[in-house]
Amino acid sequence: MDELNILHVDDDPQTLTAIREILQGRGMRVSSVESSAKGLATAAAQSFDVIVLDRTMPEMDGITVIQRLREAGVTTPVLMLSALGLSSNRTQGLDAGADDYLAKPFEPEELVARINALHRRSRAAGHSPTLIAGALECHLKARTAWRRGKHIALSPREFDLFRYFMENAGAIVTREMLLRNVWKLNFDPQTNVIDVSVARLRRKLEEDFPTPVLETVRGAGYRLMSDDI
């Protein structure tokens with residue numbers, strides 16, 4: 001895998017150091033910036049695979065930084081980090097243009113998984129006709145799903161759901177992320193449509209196979225595992 005080039009923007013030097021050590025330990029190249037204004041300028045002037053952006057900063061908050069980046073035409077995937085973890089906080093971050101939202105505190109492995117998922121999704125959108133996660137395959141042009149060489153028949157909505165899970169394989173996918181990116185809704189309709197749809201997809205993906213691949217993470221959302229052979 002190519003070395004990922006990450007921009008991390010945060011006004012806390014200790015957080016910058018901690019995250020730089022985590023990501024460099026996974027073979028990533030990290031540019032650490034302590035100012036939101038400098039982060040905005042750096043993101044606009046240089047090319048990065050993923051931007052990791054703190055939400056709460058003194059001179060310009062992360063929401064404003066994302067909005068200005070998107071207005072400037074910068075499409076680099078953004079992972080917003082924040083101590084504000086309520087559903088409304090996540091929704092605001094995603095509505096502003098963030099591609100993912102991770103509440104603090106978080107486990108290092110989840111941070112790495114989220115970054116890798118954003119990079120895979122970004123590459124898939126522009127290049128690859130097939131998403132692969134272990135023995136799972138998502139053929140984008142044919143709109144077909146496969147597990148260990150077996151075709152999995154999915155409805156159009158189930159395929160869209162499967163594709164989004166594949167784009168974020170290994171990372172926790174929240175209810176808000178599914179509403180926004182699969183159902184294209186910016187509000188919660190207060191129904192069980194997501195639970196029902198995920199349950200149907202899970203049954204189809206796991207039928208006739210000995211191991212599960214789609215897990216429910218209590219209080220957080222769902223996670224697709226790769227089913228490595």
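Residues take their numbers from the sequence shown, with the count starting at 1.
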| task | Test side chain to side chain contact (heavy atoms under 4.5 Å, CB included) on Q92 and Y101 and set out the steps. | result | CA-CA 10 Å; Q92 185 181 17; Y101 191 104; over 6 Å; no
| Check against side chain to side chain contact (heavy atoms under 4.5 Å, CB included), N89 and R55 | CA-CA 10 Å; N89 301 137; R55 173 167 179 157; 3.8 Å; yes
| task | Apply the test side chain to side chain contact (heavy atoms under 4.5 Å, CB included) to residues I19 and V30: give CA-CA distance (whole Å), side-chain angles for both, the deciding distance (0.1 Å), then the verdict. | result | CA-CA 9 Å; I19 289 182; V30 183; 5.8 Å; no
| Where do D54 and D12 land on the side chain to side chain contact (heavy atoms under 4.5 Å, CB included) test, with the steps shown first? | CA-CA 9 Å; D54 186 53; D12 181 15; over 6 Å; no
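Rounding to the nearest 0.5 Å gives a distance of 5.0 Å between CG of L102 and CD of E110. Distance check, rounded to the nearest 0.5 Å: CG of L161 to CG of N181 gives 11.0 Å. To the nearest 0.5 Å, the span separating CD on Q24 from CD1 on I6 amounts to 11.0 Å. Going from atom CG of D10 over to atom OG of S35 covers 11.5 Å, rounded to the nearest 0.5 Å. From Y164, atom OH reaches atom CG of L201 across 14.5 Å, with rounding to the nearest 0.5 Å. Distance check: L178 CG to L185 CG gives 11.0 Å after rounding to the nearest 0.5 Å.
Tracing side-chain contacts under 4.5 Å through hydrophobic residues (I, L, V, M, F, W, Y), one never reaches I172 starting from L131; they form parts of separate clusters. Both V65 and L84 are assigned to one and the same hydrophobic cluster, defined by single-linkage of ILVMFWY side chains at heavy-atom distances under 4.5 Å. Note on M225 and V198: separate hydrophobic clusters, where clusters join Ile, Leu, Val, Met, Phe, Trp and Tyr whose side-chain heavy atoms are under 4.5 Å apart, directly or indirectly. Tracing side-chain contacts under 4.5 Å through hydrophobic residues (I, L, V, M, F, W, Y), one never reaches L23 starting from L16; they form parts of separate clusters. F106 is not connected to V217 by any chain of hydrophobic side-chain contacts under 4.5 Å among Ile, Leu, Val, Met, Phe, Trp and Tyr, and they are in different clusters.
Within the 4.5 Å cutoff, the side chain of P58 has heavy atoms near those of the D11 side chain. Side-chain contact between F162 and T144 is absent, with no heavy atoms from C-beta onward closer than 4.5 Å. Considering only heavy atoms from C-beta on, P156 comes within 4.5 Å of R143 through its side chain. Within the 4.5 Å cutoff, the side chain of N168 has no heavy atoms near those of the L224 side chain. Counting only heavy atoms from C-beta outward, the side chains of R147 and K204 never approach each other to under 4.5 Å. Residues E207 and I152 fail the side-chain proximity criterion, which asks for heavy atoms closer than 4.5 Å. Proximity of V9 to T42: side-chain heavy atoms (C-beta onward) are nowhere separated by under 4.5 Å. A 4.5 Å side-chain heavy-atom check between H8 and M28 finds every atom pair outside the cut-off.
By the neighbour-count criterion of 12 heavy atoms within 6.0 Å, atom NZ of K104 is densely surrounded, having more than that number from other residues, nucleotides or ligands. Annotation: R68, atom CZ; neighbour count of heavy atoms from other residues, nucleotides and ligands within 6.0 Å does not exceed 12.
When all heavy atoms of A117 and A171 are compared, the pair lying nearest together is CB-CB, 4.3 Å. Listed here is the closest heavy atom pair of L7 and A43: CD2-CB, 3.7 Å. The shortest heavy-atom contact between R20 and S32 is NH1-OG, 3.0 Å. The two atoms that bring S47 and N5 nearest to each other are O-ND2, 3.0 Å, heavy atoms only. The nearest pair of heavy atoms linking I63 to A96 is CG2-CB, 3.8 Å. When every heavy atom of D49 is checked against every heavy atom of E3, the shortest pair comes out as OD2-O, 4.0 Å.
Between the side chain of R70 and the main chain of V74, a donor-acceptor pair closer than 3.5 Å is present. One N or O on the side chain of R180 and one on the backbone of L94 form a donor-acceptor pair closer than 3.5 Å. Put simply, the side chain of D99 gets close to the backbone of V78: a donor and an acceptor are under 3.5 Å apart. The backbone N or O of V182 lies less than 3.5 Å from a partner atom in the side chain of R157, making a donor-acceptor pair. Although no hydrogens or angles enter the test, the distance criterion places no donor-acceptor pair under 3.5 Å between the side chain of R163 and the main chain of A145. Between the side chain of E34 and the backbone N or O of P13, no donor-acceptor pair lies under 3.5 Å. Side-chain atoms of E206 come within 3.5 Å of backbone atoms of L214 as a donor-acceptor pair (strictly under, hydrogens ignored). Distance alone, capped at 3.5 Å, places no donor-acceptor pair between the R148 side chain and the F209 backbone.
No hydrogens or angles considered: a donor-acceptor pair under 3.5 Å links the side chains of E59 and S36. For the residue pair T216 and R202, a side-chain donor N or O sits within less than 3.5 Å of a side-chain acceptor on the partner.
Applying side-chain contact (heavy atoms from CB on, under 4.5 Å) to D100 and the options T174, V173, L79 leaves one that passes, L79.
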